[in-house]
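Worksheet: one structure, shown below.
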Amino acid sequence: MTWLTVLLILARSVAGTLIADRVRLRRYWNRTCTGRSWKSAFPDASKAEIRDFLGMFVRAFGFRASRRLSFEPSDRVMEIYRTRNPLRDWPDSMELEILAALARRRYALDLPSFWRDDVTLGELFERTRRRVA
């Protein structure tokens, strides 16, 4: 096999993965701005607080910053994780570990101490607000 053939196979594989990822996450990406949902759930939170929290979340998951308002307070973190990583026995990109590290650094929040598989983004945001306040 030539180097060009190897590069073409690799490029095709990466492109296929990116397309599959986009299709799986379509339900989030097709949403309009969820800022109203966040302000409704947390009327005393500033837009900056909400965006900062969601910015941390999308960084942990490797999403573009422009996707931060594609997520609602009622979205379950593990549901997003499983949508992103549908094969349970395959290695992931350590999204949850990165999220825990970022939450600890930014908000002094210990995610493992209260983690549940059904925890929502809104619940995490509420916890970050208690820690910062």
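Basis for what follows: all heavy atoms, side chains included, without hydrogens, waters or symmetry-related copies. On a predicted model such as this, the values are computed, not experimentally measured, just so you know.
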Below 4.5 Å, heavy atoms only, C-beta onward: do L99 and M56 meet side chain to side chain? yes
Of all heavy-atom pairs between V58 and A65, which one has the smallest distance, and what is that distance? CG2-CA, 4.1 Å
To the nearest 0.5 Å, atom CD1 of I80 lies from atom CG of L96 at 10.5 Å
For the residue pair F125 and E49, establish whether any side-chain heavy-atom pair is separated by less than 4.5 Å. yes
Restricting to non-hydrogen atoms, name the atom on L124 and the atom on L109 that form the minimum distance, rounded to 0.1 Å. O-CD2, 4.3 Å
Distance (rounded to the nearest 0.5 Å) between E79 CD and R27 CZ: 4.0 Å
Keeping the roles fixed (side chain from R104, backbone from A100), state whether a donor-acceptor pair exists under 3.5 Å. no
Does any part of the side chain of L111, heavy atoms only, come nearer than 4.5 Å to the side chain of V119, both counted from C-beta? no
Locate the shortest heavy-atom distance separating Y81 from F61; write the atom from each residue and the value. CA-CE2, 3.7 Å
Measure the spacing between CG of L25 and CG of N30 and express it to the nearest 0.5 Å. 10.5 Å
Centre of F114's six-membered ring, under 6.0 Å away, within 45 degrees of the axis: is that where NZ or CZ of R127 sits? yes
Taking the side chain as C-beta and beyond, is there a heavy-atom pair between M78 and W115 under 4.5 Å? yes
Which of parallel (below 30°), tilted (30 to 60°) and perpendicular (above 60°) describes F57 and F71? perpendicular
Here the pair of heavy atoms bringing S93 nearest to I98 is O-CD1, 3.7 Å
Between the side chain of R31 and the main-chain N/O of S70, is any donor-acceptor distance below 3.5 Å? yes
Please name the pair of heavy atoms, one in G122 and one in F42, separated by the smallest distance, quoted to 0.1 Å. O-CZ, 3.3 Å
Among all residues two or more places apart in sequence or in another chain, which pass the side-chain hydrogen bond (donor to acceptor under 3.5 Å, both in side chains) test with D117? none
Side chain to side chain donor-acceptor pair (under 3.5 Å) partners of residues 35-44, not counting sequence neighbours, each pair once: D44-R129
Output the distance between atom CG (D52) and atom OG1 (T128), rounded to the nearest 0.5 Å. 8.5 Å
Please evaluate residues D75 and T34 with respect to the criterion side chain to side chain contact (heavy atoms under 4.5 Å, CB included), reporting the C-alpha separation (whole Å), side-chain torsions for both, the decisive distance (0.1 Å), and the verdict. CA-CA 11 Å; D75 288 335; T34 62; over 6 Å; no
Can you check whether E72 reaches T120 side chain to side chain, under 4.5 Å on heavy atoms? no
When rounded to the nearest 0.5 angstrom, what distance separates CZ in R84 from OH in Y28? 12.0 Å
